[in-house]
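So the structure is just underneath, and the comments pick up after that.
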Amino acid sequence: SHPFPQELEEVRSWEGAHDVRPLDGNVRRWTGLLLPNNPPYNTGAFRFELTFSLNHPLEPPCATLRTPIYHPNVDLEGRICQPLTTHVHWTPTTRAIQVLQDLLLQLDSPDLQQVLQPDVAREMQERPEEFWRRAEEHTRLHAEPRPD
């Protein structure tokens, strides 16, 4: 009764991600590309890793971004403040695809309540044009090319 093959297939058929697969053959660590829908990030693809604990699904998985992104909710290590995967909100019935959909939603709509980079958040609030320009440039420089 291994939960992963089914969950992996579910994620693979979702249009929000691309090339999702176990990392180095490890079923508890997935990698793939997230494809944001909204500017300033929708010109690129962002590599993620999703790591499942040995107690999955009793414990939440951990998502990190491996591609640098200029975003108030993602720190420089690629950690994301994702309420869904905190122990308070996590339920064992939550599926991997829901974690990734939630993550994509966070990339698409930065949330000034879940800030990990205060400077970026302040810039987004006070100088939106500048934030936009920097985020676009950062995406152009760092993001992976989007699949056709």
Side-chain angles (χ1 to χ4, degrees), residues 2-54 56-57 59-86 89-90 94-148:
H2 208 295
F4 293 109
Q6 195 185 349
E7 292 212 41
L8 188 56
E9 283 315 304
E10 193 174 27
V11 169
R12 280 190 168 151
S13 62
W14 172 51
E15 70 285 351
H18 179 72
D19 189 30
V20 182
R21 59 183 193 280
L23 186 62
D24 304 325
N26 180 349
V27 292
R28 295 191 179 276
R29 282 184 79 184
W30 297 359
T31 183
L33 293 172
L34 280 176
L35 308 173
N37 298 298
N38 296 346
Y41 309 110
N42 63 346
T43 54
F46 295 85
R47 183 158 297 283
F48 70 86
E49 273 180 34
L50 190 61
T51 307
F52 299 90
S53 92
L54 291 171
H56 183 79
E59 284 180 14
C62 174
T64 49
L65 278 191
R66 291 291 171 225
T67 306
I69 189 170
Y70 192 76
H71 194 294
N73 306 132
V74 185
D75 75 10
L76 297 173
E77 303 289 306
R79 285 185 294 249
I80 306 125
C81 183
Q82 205 178 358
L84 179 67
T85 58
T86 57
H89 295 285
W90 180 254
T94 307
R95 302 177 71 76
I97 191 167
Q98 291 170 289
V99 174
L100 293 173
Q101 285 168 338
D102 179 70
L103 178 54
L104 189 63
L105 194 64
Q106 264 193 304
L107 294 184
D108 274 334
S109 349
D111 177 2
L112 294 173
Q113 304 306 310
Q114 309 288 343
V115 169
L116 290 179
Q117 294 213 63
D119 297 352
V120 176
R122 196 171 308 114
E123 182 182 70
M124 190 179 152
Q125 268 179 309
E126 295 168 10
R127 301 188 301 285
E129 302 81 11
E130 195 159 316
F131 163 79
W132 199 260
R133 194 180 48 72
R134 278 198 198 171
E136 269 181 342
E137 174 73 355
H138 199 277
T139 300
R140 202 175 56 74
L141 292 173
H142 298 285
E144 297 197 29
R146 282 173 86 96
D148 296 329

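Just so you know, residue 1 is the first one in the sequence shown, and it goes up from there.
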[X] side chain vs [Y] backbone, donor-acceptor pair below 3.5 Å:
{"X": "T64", "Y": "L50", "answer": "no"}
{"X": "E59", "Y": "S53", "answer": "no"}
{"X": "N73", "Y": "D111", "answer": "yes"}
{"X": "T85", "Y": "C62", "answer": "no"}
{"X": "W90", "Y": "P61", "answer": "no"}
{"X": "R29", "Y": "E49", "answer": "no"}
{"X": "D24", "Y": "N26", "answer": "no"}
{"X": "S13", "Y": "E10", "answer": "yes"}
{"X": "Q82", "Y": "Q106", "answer": "no"}
{"X": "R146", "Y": "G44", "answer": "yes"}

Inset, instruction - Identify whether the distance between the nearest side-chain nitrogen and carboxylate oxygen of E129 and R133 falls below 4.0 Å. - result: no

Inset, instruction - Would you mind checking if E137 and R134 are paired as a salt bridge, meaning a charged N to carboxylate O distance below 4.0 Å? - result: no

Inset, instruction - Scan I80, V120, L107, T139 and name whichever one has a side-chain contact (heavy atoms from CB on, under 4.5 Å) with H71. - result: L107

Legend entry - Partner of Y41 by side-chain contact (heavy atoms from CB on, under 4.5 Å), out of L34, L35, I69: I69

Legend entry - Nearest heavy-atom neighbours spanning Q114 and P83: NE2-CG, 3.5 Å

Legend entry - Closest non-hydrogen atom pair, A45 against P145: CB-O, 3.9 Å

Pairwise distance [atom1]([X]) to [atom2]([Y]) - rounded to 0.5 angstrom:
{"X": "F48", "Y": "L103", "atom1": "CZ", "atom2": "CG", "value": "8.0 Å"}
{"X": "L65", "Y": "R47", "atom1": "CG", "atom2": "CZ", "value": "11.0 Å"}
{"X": "T94", "Y": "H56", "atom1": "OG1", "atom2": "NE2", "value": "9.0 Å"}

Legend entry - F52/W30 aromatic ring centres below 6.0 Å: yes

Inset, instruction - Show your working on side-chain contact (heavy atoms from CB on, under 4.5 Å) between L104 and Q101 and close with a plain yes or no. - result: CA-CA 5 Å; L104 189 63; Q101 285 168 338; 5.7 Å; no

Inset, instruction - State whether a side-chain donor-acceptor pair under 3.5 Å links N37 with D108. - result: yes

